[in-house]
Amino acid sequence: MIDINLIREKPELVREALRKRQMDDAPVDRALELDLGRRDLIKQVESLKAERNAVSKEIGKLKDPAERQAKIEAMREVGERIAALDGQLHEVEAKLEALMAEIPNLPEARVPVGVDESHNVVIKTVGALPEFDFQPKAHWDLGPALGIINFEQGVKITGSRFYVLSGAGARLQRALIAWMLDLHIRQGYLEKYTPFMVKEAVMFGAGQLPKFADNLYRDHEEDLWMVPTAEVPLTGLLMGEILDEADLPLHYAAYTPCFRREKMSAGRDVRGIKRGHQFDKVEMYKFCKPEDSPAEFEKMVADAEQVCAELGLTYRINQLCTGDLGFTAQITYDIEVWAPGCGEWLEVSSVSNVGDFQARRANVKYRPADGSRPRFVHTLNGSGLGMPRTLIAVLENYQQADGSVVVPEVLRPWMGSIDVIRSET
RNA sequence: GGAGGGAUGGCCGAGCGGUCUAAGGCGGCUGUCUUGAAAACAGCUGUGGGGUCACACCCACCGGGGGUUCGAAUCCCUCUCCCUCCGCCA
C-alpha cells in the first residue's frame, strides 16, 4: 500500500511512477476524489458525534423529566443523522481502501524505465560459460536416466507439472536446502520454520491479496491459504506490532514449499521441473529502518550471490526494469544461473526492496529511540535460492560424459558417501 | 467433535448502563533531593483518524464484526483465539 498522503500531496509523482509501470494513472484521480469525500464526511459525522457525546453527558445529570425527555428526543434525531452519514462514510472508505489495495509500489528513481522483461538490464556476469567436451544433456533427460526425477509418477498421483524426486535426487535437494539454510545462518539470518498455510489477512499484508487471488490455493471451508512463498508468513510474523528501534534490523531465513496456481501457457516452460505448481525455496527476509534498506538490499543481493558462487555456478544479475517489477517491489535484482543442458539462464533468485509497502499493509512499525511517533519499517525479501532451478543447474553443470553427476563439494556432508550420482544410486 | 470458563493499556489487574477523563500496582520517562547512585516525593507515560502554519480542539479504539440505547468496557448476537475436562489423532 502506498501512502494516501503522498497521492494527496504529490499526485504528479505518483502518476509518473504508475506510467513507468505501464499503468493507467486513473486511480490517482479516483483516490483524490474519494479522499476528499471521505474527509468531508468525517468532518460532518464527527462534529455530530461530539454534540451527541456532550449532550448525552448532560442527560445523565438532568433532574427535570421534561427537559430530559426533550434532549433525548433531539439526540435520537442526531443519532439517525450520524447513522446515515456513517453508512456513507463506510462506503467511501471501503472504496478508497479497495482502490489503494490495488495500486502497486512505486519504482525507485534509479530503476531503468522499460516496458517489459526485454528492457531488463544485466548488471554483471560472474564466471564463464562452462565448456564441455561432450554434448551436455538437459535435466529432463539426465534426471530420468539416473532414476532421480520421475515425471510419470508426479502426473499419476497429482497431475500435469508435478514430479517425484527419488533417491539421490531427493537427497540432493534436501542437501541444497539444508546447506543454504546453514549458509544464511552464518550470514546472520535467524532460521524460521513457519506454517505453510496462512490467514487471508496475512496474504493481504504481504500484498498477495486481493489482486492475485487467482494464483493462490486455498481451503474451501476455512480461512486458510497456501503460501506462494515464505515471504508471506515471514511478513505476517510481526503484523500489527510496534517494535523498538533497538530490535532492528531483523534478518530471517526460512525454507517452505511454495504453492502457485498460476495458469501456465501450454507451449512455455513445459519441459522438466523449471516451473510447477509446487516448488521448494529458501527465502531471506528483513525488517529494517527506512534509512537502512538500500544497504540491506545490497547485502541481501550479495548473500544470494554467495550461494551461487559457493555452488560453483556461473550467474548473472539482472536488474528488472519498471515494467517488469513485481507488485510490491520498488527495486528488484534477479539472479540467473546458467544451465548448459537446456541452454538458458534460469532465475533462481529475486531480491527486492519493498520499502514500507508491505509494512503499511501489515501494519508493522517501530518506535524510534528518541520516543517520537512510530514509523513504518521497511521490508526486503530475496530467494536464497529457489529449489528446482538450482537443482537443474547443479545437475546440468556437474554432469559428466557418462551421464553421471558429481556432487558439489559443499553439499557432500548431506549426501552420505555419494560423491557422484550414477544410475545405480 | 462435545461441555464449561475466559480475552481490559508495555505487564498484572479492578470495573459489569451516565462522575470511565478506565481504579490500583508493576515497568518506563522527566524533575526535586544527592558528589553520583539508590530510596523517597512530584509530574508524565497508548494507537489511529480529523483539524491546525504549528498549537488548541474533536472523533474512534477495553480480542474482531454487528446490534440495542440519548448514552456501552459494561446488555444482546456473531466470529476468532486462549484455558480446563471428555472424545479422536501423528
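Proteins come first, then strands; the chains are lettered A, B, ... in the order of their sequence lines, and each starts at number 1.
- Below 30°, between 30° and 60°, or above 60°: for A:His277 and A:Phe162 the angle between ring planes is between 30° and 60°, a tilted geometry.
- Atom name C1', nucleotides B:C77 and B:G18: the rounded distance is 24 Å, in whole Å.
- Contact of the A:Pro104 side chain with the A:Arg21 side chain is registered, since non-hydrogen atoms from C-beta on lie closer than 4.5 Å.
- Among the protein residues, A:Arg375 comes within range of no part of the nucleic acid, since none of its heavy atoms lies under 4.0 Å from any strand.
- Between B:G10 and A:Arg367, no contact under 4.0 Å exists linking OP1 or OP2 to a side-chain N or O.
- For A:Leu41 and B:C59, the CG to P distance is 18 Å, given to the nearest whole Å.
- Considering only heavy atoms from C-beta on, A:Val364 comes within 4.5 Å of A:Val377 through its side chain.
- Remark: A:Arg373 is in phosphate contact with B:G49, judged by side-chain N or O atoms under 4.0 Å from OP1 or OP2.
- Summarising the base pairing, B:A72 is matched to no nucleotide, lacking a Watson-Crick or G-U wobble pair whose two defining distances lie under 3.5 Å.
- When each of A:Lys49 and A:Arg39 is assigned the nucleotide of RNA chain B bearing its nearest heavy atom, the one mapping closer to the 5' terminus is A:Arg39.
- A 3.5 Å limit on both hydrogen-bonding distances identifies B:G6 as the Watson-Crick or G-U partner of B:C81.
- When side chains are defined from C-beta on, A:Pro144 does not count as touching A:Leu146, because their heavy atoms never get closer than 4.5 Å.
- Atom pair A:Gln69:CD and B:U69:P shows a separation of 14 Å (rounding to whole Å applied).
- Remark: B:A14 base-pairs with no nucleotide in the shown strands. Criterion, Watson-Crick or G-U wobble with two distances under 3.5 Å.
- Here the P atom of nucleotide B:C11 and the CG atom of A:Asp244 are 13 Å apart, to the nearest Å.
- When the P atom is used for both B:G48 and B:C12, the distance is 22 Å, rounded to whole Å.
- Taking every side-chain heavy atom of A:Pro374 into account, B:U47 is the closest of B:G18, B:G50, B:U47.
- Contact annotation for A:Lys71: no contact, since no heavy-atom pair falls under 4.0 Å across all strands.
- Across A:Leu99 and A:Pro27, no two heavy atoms sit closer than the pair CD2-O, 3.5 Å.
- Contact annotation: the side chain of A:Arg218 never approaches that of A:Met197 to less than 4.5 Å [non-hydrogen atoms, C-beta and beyond].
- Across the protein-nucleic acid pair, A:Gln44 atom CD and B:C58 atom C1' stand 15 Å apart, rounded to whole Å.
- Side-chain contact between A:Lys286 and A:Asn381: absent, with no pair of heavy atoms (C-beta onward) separated by less than 4.5 Å.
- The partner of B:C29 is B:G43, by the rule that a Watson-Crick or G-U pair needs both atom distances under 3.5 Å.
- A 3.5 Å limit on both hydrogen-bonding distances identifies no Watson-Crick or G-U partner for B:G87.
- For the pair A:Arg76 and B:U69, the criterion of a side-chain N or O lying under 4.0 Å from OP1 or OP2 is not met.
- Spacing of C1' atoms, B:G66 relative to B:U80, comes out at 15 Å, to the nearest Å.
- Rounded to whole angstrom, the span from the CD atom of A:Glu200 across to the P atom of B:C79 amounts to 18 Å.
- Checking B:U19 for Watson-Crick or G-U wobble geometry (two distances, each under 3.5 Å) identifies no partner in any strand.
- Contact annotation: A:Arg52 does not reach the phosphate of B:C70 (side-chain N/O to OP1 or OP2, under 4.0 Å).
- B:U21 and B:G4 have their C1' atoms separated by 38 Å, given to the nearest Å.
- We find that CD of A:Glu97 is positioned 13 Å from C1' of B:G49, with the value rounded to whole Å.
- A donor N or O paired with an acceptor N or O is not found under 3.5 Å between the base of B:G51 and the side-chain atoms of A:Glu46.
- Of all nucleotides listed (B:A60, B:G18, B:U21), B:U21 comes nearest to the side chain of A:Lys57.
- A close approach under 4.0 Å does not occur between any side-chain nitrogen or oxygen of A:Asn53 and OP1 or OP2 of B:C58.
- An OP1 or OP2 oxygen of B:G49 is reached within less than 4.0 angstrom by no side-chain nitrogen or oxygen of A:Arg38.
- If you check B:G18, B:U47, B:G50 against the side chain of A:Arg68, the one that comes closest is B:G18.
- Taking atom P on both nucleotides, B:C57 is separated from B:U52 by 16 Å, rounded to a whole Å.
- Considering only heavy atoms from C-beta on, A:Tyr252 stays 4.5 Å or farther from A:Tyr189 through its side chain.
- Side-chain atoms of A:Ile42 lie closest to B:G50 of the nucleotides B:G50, B:U47, B:G71.
- The partner of B:A54, taking Watson-Crick or G-U wobble pairs whose two distances both stay under 3.5 Å, does not exist in any strand shown.
- Phosphate proximity of B:C70 to A:Arg81: absent, as no side-chain N or O sits under 4.0 Å from OP1 or OP2.
- Comparing the P positions of B:G67 and B:A14 gives a spacing of 31 Å, expressed to the nearest Å.
- Checking B:A37 for Watson-Crick or G-U wobble geometry (two distances, each under 3.5 Å) identifies no partner in any strand.
- Computed from coordinates, the A:His90 NE2 to B:G49 C1' distance equals 12 Å when rounded to whole Å.
- Note: CD (A:Glu93) to P (B:A60) measures 14 Å, nearest angstrom.
- When the P atom is used for both B:G13 and B:G17, the distance is 22 Å, rounded to whole Å.
- Closest to the side chain of A:Ser56, out of B:U47, B:C70, B:G50, is B:C70.
- The side-chain heavy atoms of A:Leu320 and A:Tyr333, taken from C-beta on, include no pair separated by under 4.5 Å.
- Among the nucleotides B:G48, B:A60, B:C58, the one closest to any side-chain atom of A:Ala50 is B:C58.
- Regarding contacts with the backbone of B:G49, every side-chain N or O of A:Lys43 stays at 4.0 angstrom or more from both OP1 and OP2.
- As rounded to the nearest Å, B:G46 and B:A56 have P atoms that lie 14 Å from one another.
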